[in-house]
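Because only heavy atoms are used, hydrogens play no part in the values below, and waters and symmetry mates are left out as well, while side chains stay in.
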Amino acid sequence: CWTLVSNSAVPPALDATKLTLSTTNIAQNEFYDQGAAALSLPTLWIIEARCRRVSGSTTSSLRAPISIQFQRSASQVNLLSIGNGEIFLLASDAARGATATVPTSDAMHTYRIEVNGTAIQVFYDGVLTLAGSLYACSGVASWARIFWGEGSSLVWWETFTHNGSANTGCVTAAGSRPGARSRRCIASRPAPRLRFAVGRAPGRLARTARRR
C-alpha cells in the first residue's frame with residue numbers, strides 16, 4: 001500500500017531497470033508513503049533500499065536529496081538522509097546524528113536500516129556504517145509510517161523493501177497531495193516479508209509477499 005505524494009512538475013518515470021524520481025526546484029518533493037491503518041511493524045524492523053543519487057542539492061544541513069523516513073509510533077521517528085558523498089541520521093529535529101562519508105553518486109548502493117525497538121543501525125553495502133536511535137517529534141503523524149523518495153534532486157531507485165506488514169483492507173493507490181508533509185520533523189527472522197518493487201506503470205508500485 002504505497003501512495004505517491006508529490007508536488008513535482010515531473011512525474012515518476014519507470015523503465016526496465018529503475019524508477020526515476022525528480023523535481024525541478026527546492027520547494028518540490030516526490031515520495032512514496034505508507035502508514036495510517038495500513039502498517040503493522042515487528043520489533044526488529046528491517047528496511048532496505050537500493051538507489052543512486054544522480055544529482056541534487058539542499059539549503060539545510062538537516063536534509064539531503066534522498067530521504068527514507070521511518071516512524072514506529074506517534075512520536076518516535078528518524079530519517080536516513082543520502083546526500084552528495086555522505087549519509088546521516090538525525091539526533092533531533094535540530095541536530096544531525098551519526099554521519100559517514102561514502103560514495104552515493106557513482107553507482108547503485110544498498111542501504112539497510114535495522115530498527116530494533118528504538119535503536120537504529122544502518123548498513124552501507126553490507127557494512128555497518130551508522131548507529132543512532134528514534135527520537136521524539138511531536139509534529140509527526142500519530143501512527144506507524146514510512147516514506148522514501150526525494151526532495152530537490154534526481155534519484156534512481158532499483159528496489160525498496162521492508163518487513164512490516166499491511167493490514168487487512170489495505171488498498172494500493174497512487175495519487176497526489178501537494179504540500180502534504182512538513183519537512184520540520186525529518187525526522188531473528190521476519191515473518192512474512194513484504195517486498196516492494198517497481199510496478200508496471202509510472203506512479204504505482206507493486207507489492208509481493210514472500211516467506212524467508
Distance-only, no hydrogens or angles: does the D125 side chain make a donor-acceptor pair with backbone N or O of H109 under 3.5 Å? no

How close do F88 and A64 get, heavy atom to heavy atom, and via which atoms? CE2-CB, 4.1 Å

Y111 side chain to L80 main-chain N or O, any donor-acceptor pair under 3.5 Å? no

Locate the shortest heavy-atom distance separating P65 from S55; write the atom from each residue and the value. CB-O, 4.5 Å

Whether the side chain of T20 engages the backbone of K18 through a donor-acceptor N/O pair (distance < 3.5 Å, no angle test) should be reported. no

If I compare all heavy atoms of P12 with all of L19, which pair ends up nearest, and what's the gap? CB-CD1, 4.0 Å

Can you sort out the partners of R52 under side-chain contact (heavy atoms from CB on, under 4.5 Å), two or more places apart, ordered by chain and number? M108, W156

Is there a side-chain contact between D93 and Y135 in this structure, where contact means two heavy atoms from C-beta onward sitting under 4.5 Å apart? yes

Distance check, rounded to the nearest 0.5 Å: Q76 atom CD versus F70 atom CZ? 11.5 Å

Which residues satisfy the side-chain contact (heavy atoms from CB on, under 4.5 Å) test with E114, sequence neighbours excluded? L44, I46, R112, Q121, F123

Between E86 and R96, is the closest basic N to carboxylate O distance under 4.0 Å? yes

Taking the six-membered ring for Trp and the single ring otherwise, decide whether the centroids of F147 and W2 are under 6.0 Å apart. no

Identify the heavy atoms of V10 and S22 that sit nearest to each other, and give their distance. CG1-OG, 3.2 Å

Working to the nearest 0.5 angstrom, can you tell me the gap between L90 CG and T99 OG1? 9.0 Å

Please lay out, stage by stage, how S105 and V54 fare under the test side chain to side chain contact (heavy atoms under 4.5 Å, CB included). CA-CA 6 Å; S105 302; V54 181; over 6 Å; no

Take W148 and S67, measure what side chain to side chain contact (heavy atoms under 4.5 Å, CB included) needs, and give me the verdict at the end. CA-CA 6 Å; W148 55 274; S67 301; over 6 Å; no

Just checking, is any N or O donor in the side chain of R53 or T104 under 3.5 Å from an acceptor N or O on the other one? no

Working to the nearest 0.5 Å, report the span between CG of L21 and CD of E30. 5.0 Å

Only one of T159, T110, T161 clears side-chain hydrogen bond (donor to acceptor under 3.5 Å, both in side chains) with R50; which? T110

Counting distance only, does the side-chain N/O of S8 pair as donor-acceptor with the main-chain N or O of S6 below 3.5 Å? no

Taking all atoms of both residues into account, what is the closest heavy-atom pair of T129 and A100, and its distance? CG2-CB, 3.3 Å

Test side chain to side chain contact (heavy atoms under 4.5 Å, CB included) on I146 and H162; report intermediate values, then the result. CA-CA 10 Å; I146 184 170; H162 74 90; 4.2 Å; yes

Measuring from atom CD of Q34 to atom CZ of F160, what distance do you get when rounded to the nearest 0.5 angstrom? 9.0 Å

Would you give the length of the straight line joining atom CD1 of I120 to atom OG of S133, rounded to the nearest 0.5 angstrom? 6.0 Å

How long is the gap from CG on L134 to CZ on R72, to the nearest 0.5 Å? 6.5 Å

Over all heavy atoms of both residues, which pair between I68 and I47 is shortest? Give the atoms and the distance, please. CG2-CG2, 4.3 Å

Could you please spell out the steps behind the side chain to side chain contact (heavy atoms under 4.5 Å, CB included) verdict for N29 and N7? CA-CA 6 Å; N29 299 294; N7 61 355; 4.3 Å; yes

